[in-house]
Amino acid sequence: GTLPPEFAQWRELRTFDIKDSKISGSLPGAYADWTNINLFDVSNSQIAGELPAEYQAWTSLGTFDVSMNQISGSLPPEYGVWSTVTTVSFGKNQIRGQLPMEYAGWTSARRIDFCACSLAGDLPHWSAVRTLDLSENQFPSVPLALASFSTMVSLDLSGNVDMTWPAWGATAPTSFALSSEGAAEQVFCGIPGTPPPEWGSLESLNLERTAAGRGLSARNFLSSLAHLPLLRTVSARDAELSGPVTGDALIKHLNVGTASCIG
């Protein structure tokens, strides 16, 4: 069946959970009348069409999950008003384009999932996010905005096949290299650039099936992560890494799979 627009009459509704159903059709814009809704979950269904911009009226929203459907089109920038949302999942849909900068308004969001969409571009700043899944998208490089996501515990960038590692620089006084003129240059990962990412809470990083190692040795790649005190798991299978692996002792699990690494 489909979602009846008449359900909009349930104006005091707080929870709408029909995940794992066979519901098809599109999401009715009339449901914007559910101004007290806290949880909306229609994941793993057969919903198609575009996301209604009218849902900006859901200003008490805590969880929004439309993952694993057939939703198409772009992301409505109007959703940026969801300041109370803690979990948002749009993953595994046919959504395209860029993430609206208005989504920086998700100041309470801790889990954000855009897995297997067709997104590219930079990211808005999410000050509270702990779990971020941007896997299987079309990002050509690691979005530079990620560098300031200091609350992240888990970051999944796998499957962005052309994604390269940014030229993040270093502030560590132990990392120096000689420039072509013979002068000492402070470097990070062998590349002069901006300060390294502020990922002091990061425990897990997934870069499988990306180009993160393109033009970068495995040694320098791992050196670029050495300043992260809690990082325990790095997955870089098929990430174009090469050369000897001399990982930091803090990294407990390193998966480079079929990468051309030795040591």
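Counting begins at 1 with the first residue of the sequence.
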Can a donor-acceptor pair be found between the side chains of [X] and [Y] at a distance below 3.5 Å?
X: Ser60; Y: Thr84; value: no
X: Asp41; Y: Ser43; value: yes
X: Asn44; Y: Asp20; value: yes

> Between Arg232 and Glu203, does at least one N-O distance fall below 4.0 Å, as a salt bridge requires?
Replying inline: no
> Hey, are Asp33 and Arg11 close enough for a salt bridge, meaning a charged N less than 4.0 Å from a carboxylate O?
Replying inline: yes
> For the side chain to side chain contact (heavy atoms under 4.5 Å, CB included) test, which of Leu146, Thr151, Leu157, Asp156 pairs with Leu132?
Replying inline: Leu146
>> Using side chain to side chain contact (heavy atoms under 4.5 Å, CB included), reason through Arg111 and Ser89 one step at a time and then give a plain yes or no.
In response: CA-CA 8 Å; Arg111 178 179 178 270; Ser89 183; 4.0 Å; yes
Are [X] and [Y] packed together at the side-chain level, in the sense that at least one heavy-atom pair is separated by less than 4.5 angstrom?
X: Phe149; Y: His125; answer: yes
X: Met163; Y: Val142; answer: yes
X: Tyr103; Y: Pro76; answer: yes
X: Thr2; Y: Ile47; answer: no
X: Lys92; Y: Glu136; answer: no
X: Val42; Y: Phe16; answer: yes
X: Gln70; Y: Gln46; answer: yes
X: Thr63; Y: Asn38; answer: no

Minimum-distance pair of heavy atoms, taken over all atoms of [X] and [Y]:
X: Leu3; Y: Pro28; answer: O-CG, 3.6 Å
X: Glu78; Y: Gln56; answer: O-CB, 3.5 Å
X: Asn137; Y: Ser118; answer: OD1-N, 3.4 Å
X: Ser108; Y: Ser83; answer: OG-O, 2.9 Å
X: Pro77; Y: Glu102; answer: O-CB, 3.5 Å
X: Phe139; Y: Asn160; answer: N-OD1, 3.1 Å

With a 3.5 Å distance limit and no angle check, can you tell me whether [X] reaches the backbone of [Y] through a side-chain donor-acceptor pair?
X: Thr86; Y: Gly62; result: yes
X: Asn69; Y: Ser45; result: yes
X: His227; Y: Pro197; result: yes
X: Trp82; Y: Tyr55; result: yes

Nearest 0.5 Å, please: how far is [atom2] in [Y] from [atom1] in [X]?
X: Ser235; Y: Asn206; atom1: OG; atom2: CG; answer: 4.5 Å
X: Leu119; Y: Leu134; atom1: CG; atom2: CG; answer: 8.0 Å
X: Asn36; Y: Thr15; atom1: CG; atom2: OG1; answer: 11.0 Å
X: Asp113; Y: Met68; atom1: CG; atom2: CE; answer: 8.5 Å
X: Asp133; Y: Ser154; atom1: CG; atom2: OG; answer: 8.0 Å
X: Glu50; Y: Ile95; atom1: CD; atom2: CD1; answer: 10.0 Å

Are [X] and [Y] joined in one hydrophobic group, where the rule is that I, L, V, M, F, W and Y side chains link up if heavy atoms are under 4.5 Å apart?
X: Leu61; Y: Phe7; result: yes
X: Leu207; Y: Val161; result: no
X: Val81; Y: Val85; result: yes
X: Val153; Y: Leu123; result: no
X: Leu13; Y: Val66; result: yes

> How are the rings of Trp58 and Phe40 set to each other: parallel, tilted or perpendicular (split at 30° and 60°)?
Replying inline: tilted
> Who passes ring pair (Phe, Tyr, Trp, His ring centres under 6.0 Å) against Phe90, sequence neighbours left out?
Replying inline: Phe64, Phe114
> Counting only heavy atoms not in Arg209, do more than 12 fall under 6.0 Å of its CZ?
Replying inline: yes
>> Does Gln94, at its CD atom, have more than 12 non-hydrogen atoms belonging to other residues, nucleotides or ligands within less than 6.0 Å?
In response: yes
>> side chain to side chain contact (heavy atoms under 4.5 Å, CB included) for Thr59 and Thr35? Distances and angles first, verdict last.
In response: CA-CA 7 Å; Thr59 54; Thr35 53; 5.9 Å; no
>> Evaluate Arg110 against Val129 for side chain to side chain contact (heavy atoms under 4.5 Å, CB included), listing each step before the verdict.
In response: CA-CA 4 Å; Arg110 285 166 172 74; Val129 65; over 6 Å; no
